[in-house]
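Just below is one structure, and these are the notes that go with it.
Since the model is a prediction, treat every value here as computed from it, not as a measurement.
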Amino acid sequence: MGPAALGEYRRSARAGLPAAGRRLPAPAHEFSGGQRQRIAIAIALVTKPELVIADGITSGLDPSTQAEILRLFDRLRHELRLTVLFISHDLAVVSRISDTVGVLFHGDLVECGPVSTVFQRPAAPYTAQLFASVPGAPGSSIDWRVREQCARRRRRGEPMKATVFRTSDETVEFADVDLAPPKAGEVRVRIAAAGVCHSDLHVRRGEWAAPVPMVMGHEGSGTVIELGEGVDTLAVGDSVVLSWVPPCGTCRNCRLGHEARCATVANLVAPKGVLFDGTSRLSMGGTPLHHYLGVSSYAEEAVVPASGAVKVRDDAPLDVLALVGCAVATGVGAVLNTAQVTAGSTVAVIGCGGVGLNIVQGARLAGAERIVAIDVLPAKTQLALEFGATDRIDATAGDAGEQLRAILPDGVDYAFDAIGRTTTTEQAIGMLGLGGAAVVVGLPPTGARASFEPLVLAEADQRILGSNYGGVRPSRDIPMLVDRYLNGELELDRLVSGRRPLAEAAAALDELESGVALRTLLIP
């Protein structure tokens, strides 16, 4: 098989065709609708296009085949860096797989923008009327039906769906879980979206001593649907971003304004998997389940401390805002709060995933003169350039430190490790110039140790900083980050590499572990 034929074969296999030479298993007229779609996709990929136009790709297919075709397109889009133009009347297709949506009316383009913006706050009257007329679309009566269904379920004591983790030897379980009402100082939140983060991978691998069994997830957003006694800072219907550090407000660190260091969270909520009173609201068949970092967002609903549900603007797209609760706050906060990067500085960012790209954005906001993005995947460093990096390094092309010194011989003022491995932390320290600071943002497995030469550190007047949750004050910084997103200063939409139903949490974790995904949103 020649190179051209081999390339065609590989593209056909990637599109899901049988791997039996190049012979088709049946005449075309005997293919199912799903097989025909896969063949059409394979044929389109043979020419190595930059743009694929997909017209009615799910029409006439059963729901399971529709889901397979959409997942295939989502994977191809990110693996091959394709631009795909979907032409569809199916709003579920548009909302779940597209980045940008255009609305046509009588042949005219009446509206165009990020899918989250158009769906949450349509500008054209036709778009608003369209959504209002379609069950399940934004603005339709389905929103109220969902709320009423939740209320009826709570009144009847019926369970909700959630993703449960027991041990690293078992797969995560999508199961019925009971959620007790909020106690004093707590609120119940209907989850709009939950982000899949590397911290969740550490838990699934058993690399951290997390309390189990637990309901997973610590990055999320949603709507307040019930208030516990004494809560006067929130109201039912408020849009909120969930903070995995809900400040107690009474410990010494909270009183000094260092809420990311809350002692109650560090000593009780996080290690024991409970809320402020030392108990859990989650159970399964009468057996208590633990909260994860006081959030547990891989669920239809969550009960959290009121301080962990941060009210944000109602005009913001609620699903995308889930990222602000961890990736954005952690990355941007590490730059602005922990390191306090100054204008004109030089910055290196090791790892360009969800957190690393937000470090790049934070450095841009701080006015850094040079921002060097470092990763093993060229697609990620290319995206980093689009987010504000000035230079990029392919970590597979040789020693990253040597490559950086070729760009900046004096080293950098700030080096951020967004991965959290021993090797990357040591690389960050080695990239520093005189007076530089290495900032450890990515979290390693428990017990990992990095080494450095104290004499070199002292003589060069260098620092090593740890950054937990970007040093944020949730009630101040989360609304500020949302404002900067809506003002166009922060890019969030392109951080979302895909959306999956909550039931597919295990598959989303697999995608993240493969390195393909940036941030997948789980939608209950």
Side-chain angles (χ1 to χ4, degrees), residues 37 40-41 44-45 47-61 63 66-67 69-143 192-193 313-323 379 382-383 386-387 482 485-501 517-521 523:
Q37 292 287 36
I41 294 168
L45 295 179
T47 60
K48 299 181 181 179
E50 294 182 0
L51 170 68
V52 172
I53 300 176
D55 188 353
I57 58 170
T58 58
S59 299
L61 302 180
Q66 286 183 13
I69 294 296
L70 291 177
R71 280 196 293 269
L72 170 61
F73 256 107
D74 207 32
R75 192 172 74 247
L76 291 172
R77 211 160 49 102
H78 291 95
E79 288 183 3
L80 303 183
R81 304 296 292 175
L82 288 175
T83 298
V84 183
L85 172 61
F86 296 101
I87 302 174
S88 177
H89 296 283
D90 189 335
L91 292 179
V93 172
V94 175
S95 65
R96 292 300 174 92
I97 201 170
S98 303
D99 298 313
T100 303
V101 60
V103 181
L104 294 175
F105 179 61
H106 286 285
D108 294 326
L109 185 65
V110 297
E111 184 159 5
C112 185
V115 65
S116 55
T117 302
V118 173
F119 269 64
Q120 292 290 334
R121 46 184 195 280
Y126 170 74
T127 311
Q129 292 172 11
L130 174 67
F131 289 163
S133 66
V134 179
S140 72
S141 58
I142 190 69
D143 296 330
R313 293 164 53 171
D314 292 333
D315 61 341
L318 201 49
D319 58 343
V320 176
L321 293 193
L323 306 182
Q382 175 59 41
L383 190 57
E386 298 170 19
F387 274 60
V482 172
Y485 161 57
L486 293 176
N487 293 340
E489 299 175 69
L490 280 174
E491 172 68 71
L492 298 191
D493 297 277
R494 287 193 294 165
L495 290 170
V496 179
S497 51
R499 290 172 171 81
R500 283 181 174 271
L518 284 175
R519 266 305 199 267
T520 298
L521 293 180
I523 311 296

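- Listed here is the closest heavy atom pair of Leu518 and Ser497: N-OG, 3.0 Å.
- Looking at heavy atoms from C-beta onward, Leu109 lies in side-chain contact with Leu104 at the 4.5 angstrom threshold.
- In summary, of the residues considered (Leu323, Leu490, Leu521, Leu383), a side-chain contact (heavy atoms from CB on, under 4.5 Å) with Leu495 occurs for Leu323 alone.
- When all heavy atoms of Ala322 and Ala193 are compared, the closest pair comes out as CB-O, 3.6 Å.
- Taking both residues in full, the closest heavy atoms of Arg499 and Val320 are given as NH2-CG2, 3.7 Å, listed atom of the first, atom of the second, then distance.
- The shortest distance between side-chain heavy atoms of Pro317 and Val482 does not fall below 4.5 Å.
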* Asked: Between Glu386 and Glu491, is a side chain to side chain contact (heavy atoms under 4.5 Å, CB included) present by the stated rule, with each step listed?
  -> CA-CA 10 Å; Glu386 298 170 19; Glu491 172 68 71; over 6 Å; no
